[in-house]
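I have placed the structure first, in the form of structure tokens, so that the comments after it can refer back to it.
Position 1 is the first residue of the sequence, and the numbers go up from there. Computed from a predicted model, the values in this text were never measured in an experiment. What you see below is based on every heavy atom in this structure, not just the backbone, and it leaves out hydrogens, waters and symmetry mates.
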Amino acid sequence: MPLGGVKHLGSMLFWFIAIAITAIACAALFYAAGGRTVNVSAAETGDSNSHFRLVLAGIDADLAAGKLGEAEANAARSELAREIIRLKAETGKTVAAGDLGRTPLLVGLAGIAILAFAIYAALGNPNLPGQPLADRTEIATQSLDLGTAVARIEQQLAAKPDDVRGWAVIAPAYTEMGRFADAAKAYRRVIELSGPTPKLQTSLAEALLLESNGAGSDEAMTLLRAASVSDPADPLPRLYLAAELTRTGQYDEAATAWQGALALSQGTEPWLAAAQQGLAVAQNDGAPAGPSPGESQMIAQMVGGLADRLASQGGSVEEWMQLVRAYLVLGDKAQAQMAYDDAVAAYPKAFDRGELDSIALNAGLTLNGATP
């Protein structure tokens with residue numbers, strides 16, 4: 001069958017199903033809303049008549065027994081007659097109302113169905129293929145594209161260069177996009193328009209440091225010192241300051257900055273471990289800090305087990321290299337030398353030892369017995 005015929009057949013099938021579903025739904029609503037007589041109504045009517053007959057018989061019995069006078073009995077009969085007439089009138093109104101509502105309901109359902117089909121015929125397309133969910137997610141992402149949003153804000157700022165809110169919004173966006181020079185320019189503009197604050201000074205310093213790509217910035221250091229003084233409760237300027245002081249070899253001042261940041265921590269901050277390590281490096285004049293006593297004991301136990309296994313069973317070059325490195329971390333150069341000599345004995349050819357010789361040479365070990 002040609003492609004056009006398939007599409008036409010699919011369109012006819014769609015309209016047939018849509019019309020059938022609409023007709024079923026309208027019929028169900030029409031049937032549910034229409035008034036009709038059921039067996040329960042007849043039983044209820046019979047029960048009401050029996051009740052009235054019993055009441056009338058009771059009035060006659062009371063009259064015969066002398067409990068009611070003739071005038072009182074006539075008044076009771078009159079009241080009972082009025083009650084019967086009222087009940088019949090209400091029953092007739094209910095049935096009439098139910099019958100009267102069927103025509104407007106039918107007209108309304110037909111109008112809704114015709115209107116729905118007319119709108120879909122003008123706007124819908126049953127032959128349009130389904131769109132995968134992944135494509136819809138991509139469209140949603142494109143609608144929230146950061147570059148597009150930044151471009152729009154840049155257009156607004158070109159027309160209104162004194163819009164401090166626009167500069168405040170676009171500055172961190174520049175940083176997120178890696179446009180550090182533009183971020184620094186935006187933060188400067190915010191400071192010019194609204195005045196300096198510790199957070200703005202820290203953000204500008206961050207942009208300047210990122211723009212320098214590891215070369216440092218004197219202006220950034222000045223801004224960080226000012227921010228740490230203006231807001232002594234914010235650890236962020238101290239962290240940036242401590243990192244830069246450590247990088248430039250100003251270890252005493254760096255240690256003070258690290259300690260100031262750590263004093264503001266609550267113990268759960270994500271930067272806590274890095275700050276502790278930075279303080280240890282600054283206190284060790286830039287050299288990597290060795291393990292703590294507890295860590296040293298745990299490492300020694302692990303190293304002892306590895307050394308015993310390698311001595312009795314042998315092992316790969318990577319395991320011997322791990323053992324030599326572990327001894328060097330523990331500061332036991334003599335044991336590192338012995339482990340290296342044992343590794344050379346197990347692997348006499350340098351080609352097999354990989355980078356083990358480089359580690360030994362950099363650590364100042366003697367390459368005794370090593371052969372090319």
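- Listed by first and then second residue, the salt bridge (charged side-chain N to carboxylate O under 4.0 Å, His left out) pairs that reach into residues 153-168 are E154-R179, D162-R189, sequence neighbours excluded.
- Taking S265 as the reference, nothing meets the side chain to side chain donor-acceptor pair (under 3.5 Å) condition, with sequence neighbours excluded.
- What you find for Y347 and G315 is that their closest heavy atoms are OH-O, 2.7 Å.
- Across every non-hydrogen atom of A183 and A207, the tightest pair is CB-CB, 4.1 Å.
- Residues that satisfy the side chain to side chain donor-acceptor pair (under 3.5 Å) test with W258, not counting sequence neighbours, are T246.
- Remark: D308 CG to Q313 CD distance equals 10.0 Å, nearest 0.5 Å.
- Smallest separation of non-hydrogen atoms from P237 and A227: CB-CB, 4.0 Å.
- Annotation: M338, atom CE; neighbour count of heavy atoms from other residues, nucleotides and ligands within 6.0 Å does not exceed 12.
- Linking ILVMFWY side-chain heavy atoms closer than 4.5 Å, directly or via other members, places F180 and L224 in two distinct hydrophobic clusters.
- Taking the side chain to side chain contact (heavy atoms under 4.5 Å, CB included) definition, one finds that A311 meets it with nothing, sequence neighbours left out.
- Residues in residues 223-232 take part in these salt bridge (charged side-chain N to carboxylate O under 4.0 Å, His left out) pairs, two or more places apart or across chains: R225-E253.
- Y251 shares a hydrophobic cluster with no other residue; no ILVMFWY side chain has heavy atoms under 4.5 Å from its own.
- L323 is listed as a side-chain neighbour of L310, based on a closest heavy-atom distance under 4.5 Å.
- No side-chain heavy atom of D182 sits less than 4.5 Å from a side-chain heavy atom of M177.
- Residues satisfying the side chain to side chain contact (heavy atoms under 4.5 Å, CB included) criterion with L236, sequence neighbours excluded, are T202, D234, Y240.
- In this structure, the separation between CD on Q337 and CG on D332 is 11.5 Å, given to the nearest 0.5 Å.
- Shown here are the side chain to side chain donor-acceptor pair (under 3.5 Å) partners of Q156, two or more places apart in sequence or in another chain: there are none.
- A heavy-atom distance below 4.5 Å is found between the side chains of M221 and L241.
- Heavy atoms only, all atoms of each residue included: G166 and I153 are closest at O-CG2, 3.8 Å.
- Taking L200 as the reference, Y187, V190, I191, S194, T197 meet the side chain to side chain contact (heavy atoms under 4.5 Å, CB included) condition, with sequence neighbours excluded.
- L208 and A184 get closest at one heavy-atom pair: CD2-CB, 4.0 Å.
- One distance of note links CG of L279 with CD of Q283; it measures 4.0 Å at 0.5 Å rounding.
- Linking ILVMFWY side-chain heavy atoms closer than 4.5 Å, directly or via other members, places W167 and L146 in a single hydrophobic cluster.
- Of the possible polar contacts, none joining the R238 side chain to the L262 backbone as a donor-acceptor pair under 3.5 Å is found.
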Where do E244 and Q250 land on the side chain to side chain contact (heavy atoms under 4.5 Å, CB included) test, with the steps shown first? CA-CA 9 Å; E244 277 300 292; Q250 303 177 59; over 6 Å; no

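- Residue pairs meeting the salt bridge (charged side-chain N to carboxylate O under 4.0 Å, His left out) criterion with at least one partner in residues 199-221, sequence neighbours excluded, are R188-E219.
- The heavy-atom pair separating G216 from R247 by the smallest distance is CA-NH2, 3.3 Å.
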Counting only pairs under 3.5 Å, give me each side-chain donor-acceptor contact of residues 266-276, with atom names and distances, residues two or more places apart or in other chains.
{"residue": "E269", "atom": "OE1", "partner": "Q266", "partner atom": "N", "Å": "3.0"}
{"residue": "E269", "atom": "OE1", "partner": "G267", "partner atom": "N", "Å": "3.0"}
{"residue": "E269", "atom": "OE2", "partner": "Q266", "partner atom": "N", "Å": "2.6"}

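- Note: the hydrophobic cluster containing L210 does not contain Y174 (ILVMFWY, side chain heavy atoms under 4.5 Å, direct or indirect links).
- The line from CG of L209 to CG of L223 is 9.5 Å long, rounded to the nearest 0.5 Å.
- Here the rule is side chain to side chain contact (heavy atoms under 4.5 Å, CB included) with Y340, and of T366, I359, V324 only V324 fits it.
- For S212, the side chain to side chain contact (heavy atoms under 4.5 Å, CB included) partners two or more places apart in sequence, or in a different chain, are A215.
- Cluster membership check: Y327 shares its hydrophobic cluster with W320, using side-chain heavy-atom separations under 4.5 Å among Ile, Leu, Val, Met, Phe, Trp and Tyr.
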